[in-house]
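Below is one structure, written out as structure tokens; comments come after it.
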Amino acid sequence: MLSYAKKRVPDGEFITADAREFEISPFFDAAVSTFDSMNHILTTEDLNRVFRNVFEVLKEGGYFLFDLNMEEAFETQWHKSTSIIKNDNVCIISGDYDRRKKIGITRLTMFHLEGNWRRSDAMLYQKCHSPKEVKSALQQCGFREVTLCDARRDLKMPGHLSIGRTIFLARK
């Protein structure tokens with residue numbers, strides 16, 4: 001994704017870093033994390049580390065905006081499957097949700113035409129963090145104001161991607 005960003009904004013500065021471990025100077029007015037990226041942080045301890053790092057790089061009064069899939073999304077959407085079929089690639093996506101561990105698993109099987117068809121497989125994991133634990137973690141890191149909005153109900157976001165998605169806005 002960074003290579004695409006660099007092509008579009010050649011004078012921009014881009015940093016590759018683990019969100020749990022990065023250290024940069026605090027000068028940002030806002031930080032944004034979209035499309036449930038925070039769900040890929042699988043432990044509360046690591047989520048706290050990310051929140052602390054974001055807090056440290058924001059200017060006073062800065063905002064942190066992110067979204068998370070909540071229980072409703074995992075329970076209603078993760079058992080579904082889909083596929084993408086093009087002339088030179090095929091992707092099959094299926095998922096499961098472990099209610100006990102609160103972990104969503106997405107399995108991807110991809111075929112790409114490179115003379116012959118080449119297969120590759122990947123598994124992605126997402127954690128279902130409760131709104132209460134997320135808000136508490138943000139406040140423990142120093143965020144003063146934390147607002148939660150349901151994507152479908154409060155923001156009128158259309159489509160299946162809004163189901164069980166909560167938007168968090170935290171202010172330093």
Where do H79 and Y97 land on the side chain to side chain contact (heavy atoms under 4.5 Å, CB included) test, with the steps shown first? CA-CA 7 Å; H79 67 282; Y97 178 58; over 6 Å; no

Any link between L155 and L169 through a network of hydrophobic side chains (Ile, Leu, Val, Met, Phe, Trp, Tyr) touching at under 4.5 Å? yes

Counting only heavy atoms not in M123, do more than 12 sit closer than 6.0 Å to its CE atom? yes

NZ or CZ of K172 within 45° of F55 ring axis and under 6.0 Å: yes

When rounded to the nearest 0.5 angstrom, what distance separates CZ in R49 from OG1 in T43? 8.0 Å

When every non-hydrogen atom of G61 is compared with those of R171, the smallest separation belongs to O-NE, 3.2 Å

Verify same cluster id: M70, L148 (apolar side-chain graph, 4.5 Å): yes

Closest non-hydrogen atoms of F66 and F51, given as atom of the first, atom of the second and distance, are CZ-CZ, 3.8 Å

Are the side chains of S120 and H112 in contact, using a 4.5 Å heavy-atom criterion? no

Please tell me if the side chains of I163 and E72 come closer than 4.5 Å, counting only heavy atoms from C-beta onward. yes

Rounded to the nearest 0.5 Å, what's the gap from CH2 on W117 to CD on E114? Could you check? 10.0 Å

Do D36 side-chain atoms and N39 backbone N/O form a donor-acceptor pair below 3.5 Å? no

Taking everything shown except H40 itself, do over 12 heavy atoms lie less than 6.0 Å from its NE2? yes

Heavy atoms, side chains only, cut-off 4.5 Å: are N89 and M110 in contact? no

Atom CD of E60 with >12 non-hydrogen neighbours under 6.0 angstrom: yes

Rounded distance [0.5 Å steps], CG in D154 versus OG in S162: 11.5 Å

Between CD on residue Q140 and CG on residue L138, distance to nearest 0.5 Å: 9.5 Å

Chi angles and distances behind the side chain to side chain contact (heavy atoms under 4.5 Å, CB included) call for L124, L108: CA-CA 8 Å; L124 303 173; L108 297 107; 3.7 Å; yes

Exercise: identify the closest heavy-atom pair between T34 and S37: O-OG, 2.8 Å

Excluding sequence neighbours, so at least two apart, what forms salt bridge (charged side-chain N to carboxylate O under 4.0 Å, His left out) with E133? none

Taking only residues at least two apart or on different chains, which pairs with a member in residues 4-14 satisfy side-chain hydrogen bond (donor to acceptor under 3.5 Å, both in side chains)? none

What's the separation between atom CG in N116 and atom CZ in F111, rounded to the nearest 0.5 Å? 13.0 Å

Between H160 and Q77 (side chain of the first, backbone of the second, donor and acceptor by atom type, cut-off under 3.5 Å), is there such a pair? no

If we ignore angles and hydrogens, is there a donor and acceptor under 3.5 Å between the side chains of N69 and Q126? yes

Are the side chains of L47 and V134 in touch, meaning some heavy atoms are under 4.5 Å apart? yes

Same cluster for W78 and L68 if Ile/Leu/Val/Met/Phe/Trp/Tyr side chains link at under 4.5 Å? no

Quick check on salt bridge (Lys or Arg N to Asp or Glu O under 4.0 Å): which of K127, R99, K102, R165 does E71 satisfy it with? K102

On a heavy-atom basis, the closest approach of N48 and A137 is OD1-CB, 2.8 Å

Under a 4.5 Å side-chain heavy-atom rule over Ile, Leu, Val, Met, Phe, Trp and Tyr, are V32 and F14 clustered together? no

Just by modelled atom types, is the A19 backbone N or O under 3.5 Å from a matching donor or acceptor in the N53 side chain? yes

To the nearest 0.5 Å, what is the distance between OG1 (T147) and CZ (F168)? 10.5 Å

Counting only heavy atoms from other residues, nucleotides and ligands, does the tally under 6.0 Å from CD of E23 exceed 12? no

Taking the side chain as C-beta and beyond, is there a heavy-atom pair between R152 and M157 under 4.5 Å? no

Closest heavy-atom pair and its distance - V54, F22: N-CZ, 4.1 Å

Does R118 CZ have over 12 foreign heavy atoms under 6.0 Å away? no

ring-ring contact (aromatic ring centres under 6.0 Å, His included) involving Y63 - partner list, sequence neighbours excluded: none

